[in-house]
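In what follows, chains are A, B, ... by sequence order, proteins preceding strands, each numbered from 1. All figures in this text were calculated on a predicted structure; none of them were measured in a lab.
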Amino acid sequence: MTFLRRAAGALRALVRRRRTESELDDEVRAYLAMAVDEKIRAGMSHDAAVRAARAEIGSLEAVKDHTRDVGWESVLDTFAHDVRHACRGLRVRLGVSTAAIAMLGLGIGITTAMFTVVDALILRPVPFHEPEQLASMYMGNERGGQTTVSPAVFRAWRESRAFAAVESAEPDTALLEAGDTVVSRRIARVSPGLFGLLQNVRPVHGRLFDPQDGRSGLDDRVLLSEDVWRGLFGADPGIVGRRVTVDGESLMVVGILPADFRFPSWNTVLWRPINFDAPPRATDRARVYVRFRADVPRPDAIRLAEGAARAADATTAKLFPRVTPVAGLVLDSYYQGAVPLLAGGVVLVFIVLCANVCSLLLASVTARRREFSMRATLGARRIRLFRHALVESSVIGACGMALGIGFAWVLVLASRVFLPEAFLLRTLNPLNIDLRALAVTSVSGVLATFSAGLLPAWIATQARAGDSLRVLDRGTIGTHGTRRITRGLLVVEIGLACTLLAGATVLVRSFVNLAGAPRGIDTHGVLHVTLTMPPETMPDATARVLAARTIEEQVRELPGIERVAWSYGLPPSGSFSWGDWISDLPGGRTVDMEVDRYSVGPEFLALYGIPVLRGRTFVQSDRYGTVIVGERFAAALWPELDPVGRSFTFGRERFHVVGVAREIHHPSMVAARDRPEFWEPFEGVGRFTMMSIRCSAGCPDPAVVHHRIAASQTGARVFDVREMDEVYFEQLARPRAAAALGFAFAGIATLAAAGGLFSVLSYAVARRRREFGIRTALGASPVEIRRVVVRDGARVAAVGAGVGLFGALALTRTLASLQYGVETTDLSTWVIVFGILGLTAFASVWRPSREAMRVDPALLLREE
Amino acid sequence: VGAEKQSGLVQGTLDMLILKTLALEPMHGYGIGVRIEQISNGVFQVNAGSLFPAFRRLERDGLIKGEWHDTENSRRAKYYALTAQGRARLRRDTREWETQTAAIARILHATTGEL
């Protein structure tokens with residue numbers, strides 16, 4: 001009962017706050033008046049009575065304040081009061097509060113945005129039901145070679161007890177037509193049950209595939225991604241049941257899948273059914289996806305799968321099923337190195353910004369000591385002042401958080417647009433700011449608020465009643481501690497900025513080295529086409545050669561085409577052979593190495609600007625067994641000898657060398673990818689071939705080339721048309737993004753540290769004006785005064801740089817996997833880092849030191 | 001600050017003293033302070049800084065009730081009076097207090113022989 005009554009009282013008090021307040025005021029005044037009356041009655045004069053009564057009662061405001069503190073609702077009440085007061089204060093000190101809010105917002109924003117990226121790439125499992133049971137399957141051998149699962153094995157696995165479900169998805173490219181627009185998009189041919197295997201897939205409109213879809217007569221069904229539906233078909237609500245043109249075929253749309261559904265690749269936007277009950281096409285390179293059974297242990301399942309595969313298909317009997325978890329599909333070694341490192345970089349930036357806000361608030365509260373001690377004198381208790389200071393920084397924190405969310409949203413949006421797709425989007429998770437990201441925002445906001453606000457609040461409220469009456473501004477009473485803390489924070493900031501700078505320098509230099517590394521091949525203005533020639537339409541080599549000729553003619557008719565060359569294998573990777581290569585030198589020099597082999601048409605080397613250094617290039621009459629070797633291959637087999645006219649053996653085959661071509665390189669963080677190569681004549685046309693096209697001026701749009709080949713009606717299927725530059729560019733995309741991000745982080749941290757140094761020194765100079773004035777009056781030259789300030793700044797910067805050196809050494813060691821052509825202990829890295837740091841420090845010291853130099857003692861005296 | 005420091009008056013005790021004062025007759029804030037000082041022969045000097053929070057507390061708990069009246073000097077003042085709950089609380093607190101003080105007194109005056 002008492003509790004209810006109290007609650008009612010509290011509510012009443014909250015509702016009738018204003019009345020209660022004025023009543024309290026009246027009551028306290030009446031009290032004072034009565035005390036005065038009493039004293040007059042006792043014989044005091046009116047004035048003396050008032051004085052005595054006031055002395056007895058103390059501050060009326062303090063009495064009211066204590067009274068207001070009664071009851072739990074008073075906490076809310078005073079909190080609201082504090083917030084209002086804090087907002088007023090922030091408006092008054094607009095400069096400081098804007099800077100603090102902006103810095104916190106920046107820190108929280110980039111932390112949230114980076115978390116969103118890391119979450120999508122690494123932390124979050126793929127967005128399907130029980131993702132750990134999902135895997136992609138290949139058949140492979142011990143040496144790492146692998147091949148796709150044959151249809152026979154696929155069917156056998158469906159019947160075995162090893163898996164809960166076995167489905168297939170085959171990535172492909174197709175031309176989509178909508179009105180006059182023709183675009184090339186990534187599509188996938190999937191077995192109808194794939195969505196059931198993944199689970200949690202719901203169409204936005206229409207339905208998913210039925211089991212019958214894909215059977216003859218029902219194979220013209222298609223599912224579109226929401227992106228395509230909105231982008232190409234204007235979000236037409238009646239599209240389900242309508243027909244669209246894909247690769248010239250008219251297909252019926254049965255459903256729209258949400259934009260967030262990404263499978264089997266992040267950029268798949270269209271799905272067609274494949275029918276595994278129909279006789280398989282030999283060109284199918286379907287990837288098999290399985291869901292393991294929860295009740296069968298994984299090793300048993302794999303053993304079952306292996307047995308079933310052996311029994312079903314003799315051609316792959318020597319191979320083993322290889323399991324790649326879907327959850328780990330996107331995480332190669334580069335991601336594993338780069339993403340946590342960048343996330344760590346963000347944390348460092350966050351710390352720097354918090355430290356900066358902290359020192360900013362510290363400077364602001366030290367300047368306000370007078371205000372705090374005045375309030376202490378008027379009866380405010382320390383806890384009250386402390387709470388007040390904390391509320392003030394919480395208001396800053398809350399504003400920073402709001403700004404941070406907005407900023408993160410913009411960043412994520414911008415990163416989706418500007419950052420290379422290869423870096424950000426190669427994940428099956430959508431890249432959105434979700435609840436998890438917002439949780440990170442709030443946690444980082446609270447962390448920032450407390451780490452930046454607690455210390456200043458504590459120091460500000462050390463003010464004692466009466467301090468305000470002393471002259472505080474002149475001396476340095478109680479500010480030594482503050483000074484030390486501010487310098488400490490600065491050292492931390494500069495140290496972290498130094499660490500980040502070192503990391504960024506290594507990343508940027510690696511990228512520059514990687515981008516500038518000689519590749520020995522001119523890819524600018526080259527398109528390449530990847531084609532498959534299905535045996536249904538082209539049963540033999542003659543048919544394929546004929547088709548190739550037609551396609552080549554069609555392509556040559558396009559404007560601005562200079563050269564066309566067929567090949568199997570395209571730089572930077574050919575077909576990959578490893579084993580013992582035996583030269584014809586006496587004793588048979590044997591070298592065990594991995595080699596890239598390229599089968600190329602006569603014009604190929606000229607097309608890519610690869611000069612033949614010795615011997616001759618290919619002619620039409622060259623047959624299999626004739627080769628042109630690269631320099632490294634030549635040097636390995638015939639050290640310091642001319643290989644032209646010599647031969648070598650690999651396996652049971654013998655190859656004759658007719659020329660030596662300049663070595664081509666594949667600059668990569670993984671050195672093993674840059675293999676020696678040799679060239680063979682392109683003979684016949686295989687089922688899977690590539691065509692390179694050099695254009696004289698601008699290349700035609702890849703979609704135009706794709707369309708042209710598709711229109712040639714040869715039955716060949718275009719898998720992909722791309723600019724060669726883009727292929728190499730994509731190889732660089734991630735190092736470039738990492739370098740750009742690292743550079744941005746280091747830039748923010750350095751600027752923040754410089755700003756911190758600047759404001760701290762300016763503040764110190766403002767405080768020491770008297771001292772400088774006196775020194776000048778006593779004969780110190782302006783240069784000497786300036787030296788005092790510069791030395792002050794330089795000392796902080798030097799200590800910070802020293803701290804940063806250790807951090808940087810630790811960091812660059814973990815950077816090793818992302819380095820290219822840069823040594824950790826590289827002198828020039830340190831020259832760059834300390835150069836930037838020195839320049840920034842100098843720039844931030846410049847103005848404060850000039851201010852100090854210009855202190856005029858005469859003017860100072862007059863001010864006093 | 002405050003009277004409780006000067007005289008070692010604990011918070012609950014001040015509440016009890018106020019209730020007792022009001023049990024005699026309804027009274028305004030200043031009068032209550034003076035009355036406590038008078039009755040205690042000046043041992044307890046209760047400051048406004050302690051009185052007003054106590055009034056607020058007691059009123060919130062429904063033990064006392066305030067009403068504005070004119071004083072004999074024709075000022076307006078808030079007169080507090082005990083409610084039924086206040087009266088009950090005073091009885092309970094007085095009983096408890098007496099039991100406790102008696103016990104404490106016995107302990108303080110105990111001699112070795114008694115243990």
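Only the side chain of A:Leu24 comes within less than 4.5 Å of a heavy atom of chain B; its backbone N, CA, C and O stay farther away. Heavy atoms of A:Glu23 lying under 4.5 Å from chain B belong to its backbone as well as its side chain.
Here the closest non-hydrogen pair linking A:Glu27 and B:Trp68 is N-CH2, 3.7 Å. Between B:Asn47 and A:Ile57 the shortest heavy-atom distance is OD1-O, 3.7 Å. Minimum interatomic distance between B:Ala48 and A:Tyr31 (heavy atoms only, all atoms of both residues): CB-CE2, 3.7 Å.
Listed by first and then second residue, the ring-ring contact (aromatic ring centres under 6.0 Å, His included) pairs that reach into residues 34-57 of chain A come to none, sequence neighbours excluded.
The interface of residues 75-83 of chain B with chain A, defined by heavy-atom distances below 4.5 Å, comprises B:Arg75, B:Arg76, B:Ala77, B:Lys78, B:Tyr80.
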